[in-house]
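First up is the structure itself, then whatever we jot down about it.
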Protein chains: 2
Amino acid sequence: MILMDDPKQHLLNVAGQKFAEKGFDATNVREITEAAGMNVASVNYHFGSKEELYLETVRHAARMCEQITPMPTWEEGVPAEQRLREYIRSFLTRLLREDVPTWHRKLIMREVAEPRPGGCEVFVHSFVKPSFELLQGILRDLTPPGTPLETLHLIGSSIVGQVLHYHHARNVLKLLFSAEEFQRLQIDRLTDHIWRFSLGAIRSLCPRKSKGEGR
Amino acid sequence: MILMDDPKQHLLNVAGQKFAEKGFDATNVREITEAAGMNVASVNYHFGSKEELYLETVRHAARMCEQITPMPTWEEGVPAEQRLREYIRSFLTRLLREDVPTWHRKLIMREVAEPRPGGCEVFVHSFVKPSFELLQGILRDLTPPGTPLETLHLIGSSIVGQVLHYHHARNVLKLLFSAEEFQRLQIDRLTDHIWRFSLGAIRSLCPRKSKGEGR
DNA sequence: CTTGCATTCAAACAAATGTTTGATACGATA
DNA sequence: TATCGTATCAAACATTTGTTTGAATGCAAG
C-alpha cells in the first residue's frame, strides 16, 4: 500500500490529479477513491461532498504553485530589463516544468479558463493579481513616466498572452510543428524569445527612456 | 413554436449553443431537447448518439467560422505590414465579434483546448494550419531572407498568443481591470495594439529589410 | 382508402453517480 | 475491561443520464 500517514491529504492529492486531468464533471468519486485505495464514502466523510473536495484541491494547488515557484523579488537597482527576463522565466517555469507534480498548474489553468463558482475569484485576487501587478511595476520602469495605465495593461496582456499560449495551445502546437521542433521549445529558448520580442516591442512603442543603456 | 423547417438543423444549433456554454460532460440531452422543444429521443433518432451529435456541432462550427469570417486574401503588392494588420483584425473578429452566433468560436476554442477524440485533429489540419501558414507567409516578407523557420514559428506563436489571450483570459481580465476599461477592449483598439507591438518586436528582432518604408 | 415510410412521443430501461447508512474495527483514556 | 470518538467499509439509496421501445401521427404514393 502507498504511504498513507494522512489519508485526507492522500485523497486530496489523488483527487487533484484526476480533476486536473479530466475536469470536475468527467471525474467521478469512485474513480478517485479507487485510485487512492480508499472507500467511496471517504470523500463525503473527509470533505462533505465532491464539490467541496474539488474546491479544496484548487486551493491546495494555488498554495503549492506559489510555494514551489515563488514570484521573483529583486533588491534595489536591478535593471528593469533583467527583471522582465526573470519574470518571464519564472512564469514559464510554473507552466512548463516537468520535475514537479504537474497537476497543480493544470488544475489552476483549467479553473482560470472555466471558473467554477467559489473557486476562481479568490484565486485571481490572491495569485493572479499580485503577479500581474509585479509585471506592471517592471513595465512602468521600461516606459516613459507619463505612459497611461491602459497602455501598461495592454503591454502586460501581450506578454502574459505569449507565455500562456505555450500552455493553452500545447496540443495544437504538437500538431503544427514537427516533433523535434516541438521538443526544442524548452523554457530557456522560450524565455529568450519572449523577452527579446517583448522588449523590442516596448522600445518601439514608447520613446526610449533616458536612463537605460542601448542594447 | 420556433421556426422548425428542418428539425435536425434546429437540434444541431441548440446543441451547439449548450455544448459551447458548458462543455460536453456538463450538458445532458434532456436539457438540449427541452430547449429545442423536441423529444428526448430525437437526439438518438437524428444523430445516433450524444457523442455523434457533439462531433457534428464541432464540424458545423468549423465550417461556419470559416464561412462567416473568412481569412483575408490580398492581391499582389499589398505591403506585409498592412497584411499583418488585417490578419490580426480578422483573427480578433472571429474571436470577439458579438453580432454573430457566438457559440461557433466558443465551441471550437473549447475543443482546441481540450480535444475530444475525433474532433480536434481534423479541425487543426483544415482550419488552424492554413491560418497559421498564412501568417507565416506574411512574416517571411517582414523578415530577412535567411530567417530560420523556427524563428518564424516563434514570432507567429507570439502574435497568435496575444490574440487568443483576450479569449482565454476574458474571465480573469474582467476581474483584473475596471469595468470601463474592460469594456474599452474592443476589436479596433486591440488590433491596433497587437499590430504595433508585434511589428515593433519584429523590426527589433530582425535587421530591417530594405524595401519597407519607415513608420 | 390503404399501404408504406419517416417522424414524434411518452414511457421505460439500464447503467452511472453522489450520497447516506449502519455495522465494524481501532486506539486512546479512565 | 469498559467507554468514547474516529475512521473505514460494504451495501443500499435516490437521482441523473444516455438510450431503447413500441405505439401514435402525418403524409405521400399506389
Side-chain angles (χ1 to χ4, degrees), chain A residues 1-60 103 107 110-111 114-119, chain B residues 1-60 103 107 110-111 114-119:
Chain A
M1 190 73 62
I2 332 162
L3 78 161
M4 220 186 291
D5 48 338
D6 187 348
K8 184 169 173 178
Q9 200 62 31
H10 177 62
L11 189 58
L12 190 80
N13 268 298
V14 176
Q17 275 175 264
K18 294 290 180 182
F19 285 141
E21 250 175 62
K22 317 170 48 179
F24 180 82
D25 290 305
T27 309
N28 60 42
V29 294
R30 280 173 178 82
E31 189 182 342
I32 295 171
T33 52
E34 275 168 29
M38 302 171 72
N39 190 274
V40 209
S42 54
V43 166
N44 297 274
Y45 178 76
H46 287 290
F47 294 94
S49 70
K50 178 190 176 187
E51 178 83 27
E52 194 53 43
L53 168 61
Y54 175 79
L55 292 178
E56 212 54 59
T57 61
V58 173
R59 297 188 197 109
H60 179 73
W103 68 264
L107 185 61
R110 189 184 282 279
E111 182 59 30
E114 191 162 5
R116 173 165 294 274
Chain B
M1 190 73 62
I2 332 162
L3 79 162
M4 218 187 289
D5 47 339
D6 187 349
K8 185 169 173 179
Q9 201 62 30
H10 177 62
L11 189 58
L12 190 81
N13 267 299
V14 175
Q17 273 174 265
K18 294 292 179 182
F19 285 142
E21 252 175 60
K22 318 171 45 178
F24 180 81
D25 290 306
T27 308
N28 60 42
V29 295
R30 281 174 177 81
E31 189 182 340
I32 294 171
T33 51
E34 274 168 29
M38 302 171 72
N39 190 275
V40 209
S42 54
V43 165
N44 297 274
Y45 177 76
H46 287 290
F47 294 93
S49 70
K50 178 191 175 186
E51 179 83 26
E52 194 53 43
L53 168 60
Y54 175 79
L55 292 178
E56 212 53 59
T57 61
V58 173
R59 297 188 197 110
H60 179 72
W103 69 264
L107 185 62
R110 187 184 286 277
E111 182 60 29
E114 191 163 4
R116 174 165 292 274

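Distance check, rounded to the nearest 0.5 Å: CD of A/E34 to CG of A/N39 gives 10.0 Å. The line from CG of B/L53 to NZ of B/K8 is 10.0 Å long, rounded to the nearest 0.5 Å. Atom NE2 of B/H46 sits about 11.5 Å away from atom CG of B/L12, to the nearest 0.5 Å. For the atom pair NZ of A/K18 and CH2 of A/W103, the computed distance is 13.5 Å after rounding to the nearest 0.5 Å.
Rounding to whole angstrom units, CE of residue A/M38 and P of D/dT8 are separated by 5 Å. In this structure, A/Q9 atom CD and D/dA7 atom C1' are separated by 17 Å, rounded to whole Å. Atom CG in B/L11 sits roughly 13 Å away from atom P in C/dT7 (whole-Å rounding). One atom, CG of B/D6, and another, P of C/dT7, lie 10 Å apart when rounded to the nearest Å. Spacing between atom NE2 of B/H10 and atom C1' of C/dT7 amounts to 15 Å, rounded to whole angstrom units.
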*Reading nucleotides 17-24 of chain D 5' to 3', which nucleotides get B (base under 4.0 Å from a protein heavy atom), which S (sugar-phosphate only), which -?*
BBBBB---

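For D/dT8, the OP1/OP2 oxygens have a side-chain nitrogen or oxygen of A/H46 closer than 4.0 Å.
B/E31 meets the side chain to side chain donor-acceptor pair (under 3.5 Å) test with B/K22; sequence neighbours excluded.
Note on ring orientation: taking the six-membered ring where Trp is involved, the planes of A/Y54 and A/F24 are perpendicular (angle over 60°, cut-offs 30° and 60°).
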